[in-house]
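This report concerns only the one structure given below.
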Amino acid sequence: AAIFGFLNVLNQAAQDGQVDFLAVEIIFFIALIVGPLGGYALLYVLSTYLRWVFSWFRTQVESRDLRLVMAWSLLPAILGLLIWVPFMLIYGQSWFSSTVTLSSSLALALVPLLTNLQYLLFGWSIVLLLIGLATISGLTEAKSLLIVAVASAIIIIPLLLLSLWVPGF
C-alpha cells in the first residue's frame, strides 16, 4: 500500500503538470511522506467499507483478510506505475511539466504502449481482487463482482450527480 501510494502520487503529479507550481524535489518529498500514509489510510478505509457492504449480503469477512487481499491485488497496479519510472528518470523535471515534450521516436512509440500495459495491469489487479474476495468470503467471483459493483456505485453515483449540479466540481 505504501509503494502504491508513493507511485500514485508521483503519477498524479506527472499527469497534472505539478512542476509548473512546485519543484520536482518538493514533489518527491510530498510523494515520500503523503503517498505511503495515503496508501495505508486508503487500504484501511476501503477494507472497512467493503466489510460493511459485504455484511449487507449476509457475508462476514475479516477486515484483516480484506486488507491482505487488497494489498496483494495492488501488485500488478504497482508494476503498472513502475513502468513510468524510467521516463521520470530520463526526462527529470520536464516529465512533471504540463508541456512535456518527448524527444525521441522511441519514447513517442513507447508511451501509448506503456499506457495500454498500465490499463492491462490495472485490470489484472481487479481480477486478483475479485478472486481474493471470493476466496475469503466463500462466494463466487460473480457475487464478489456484484458486491464490488454495489460498493463502487454507492460512491460513484453521488459524485456524478454532484458533478452535474455543481459547476467546476
* Asked: Hey, any chance W72 and V127 share a hydrophobic cluster, counting ILVMFWY side chains that come within less than 4.5 Å of each other, even indirectly?
  -> no
* Hey, could you give me the CZ/OG distance between F57 and S137, rounded to the nearest 0.5 Å? => 11.0 Å
* To do: Hey, could you give me the CD1/CD1 distance between I136 and I131, rounded to the nearest 0.5 Å?
  => 13.0 Å
Can you give the donor-acceptor pairs under 3.5 Å from side chains of residues 140-160 to other protein atoms, not counting sequence neighbours?
from : atom 1 : to   : atom 2 : distance (Å)
T140 : OG1    : K143 : N      : 3.1
S144 : OG     : A134 : N      : 3.2
S144 : OG     : T140 : O      : 3.2
S152 : OG     : V148 : O      : 2.8

* Asked: L46 and L50: same hydrophobic cluster, using ILVMFWY side-chain contacts below 4.5 Å?
  -> yes
* Would L129 and V53 show up in the same hydrophobic cluster when neighbours are defined by side-chain heavy atoms closer than 4.5 Å? -> yes
* Roughly how far, to the nearest 0.5 Å, is the CG atom of L121 from the CG atom of N116? -> 11.0 Å
* To do: Go through the structure and list residues passing side-chain contact (heavy atoms from CB on, under 4.5 Å) with I33, not counting sequence neighbours.
  => F29, L37
* Structure fact -> One should read off an interatomic distance between L133 CG and L139 CG, to the nearest 0.5 angstrom, of 9.0 Å
* To do: Give the cluster check for L75 versus Y40: same hydrophobic cluster or not, with ILVMFWY residues linked at side-chain heavy-atom distances below 4.5 Å.
  => no
* To do: Verify, without hydrogens or angle tests, whether S125 (side chain) and S73 (backbone) share a donor-acceptor contact under 3.5 angstrom.
  => yes
* Asked: Would you say L128 and I3 are hydrophobically clustered, going by side-chain heavy atoms of ILVMFWY under 4.5 Å?
  -> yes
* To do: Apply side chain to side chain contact (heavy atoms under 4.5 Å, CB included) to the pair L130 and I126, showing each step before the final yes or no.
  => CA-CA 6 Å; L130 295 175; I126 292 173; 4.2 Å; yes
* Asked: To the nearest 0.5 Å, how far apart are CG in L79 and CH2 in W124?
  -> 6.5 Å
* To do: Answer whether the closest heavy-atom distance between the side chains of D65 and V61 falls below 4.5 Å.
  => no
* State which residues pass side-chain contact (heavy atoms from CB on, under 4.5 Å) with L32; sequence neighbours excluded, sorted by chain then number. => F6
* side-chain contact (heavy atoms from CB on, under 4.5 Å) with S47: which residues, sequence neighbours excluded? -> L66, R67, M70
* **Sequence-distant partners of W165, ring pair (Phe, Tyr, Trp, His ring centres under 6.0 Å), two or more places apart** => none
* side-chain contact (heavy atoms from CB on, under 4.5 Å) against S55, all qualifying residues, sequence neighbours excluded -> W52, Q60
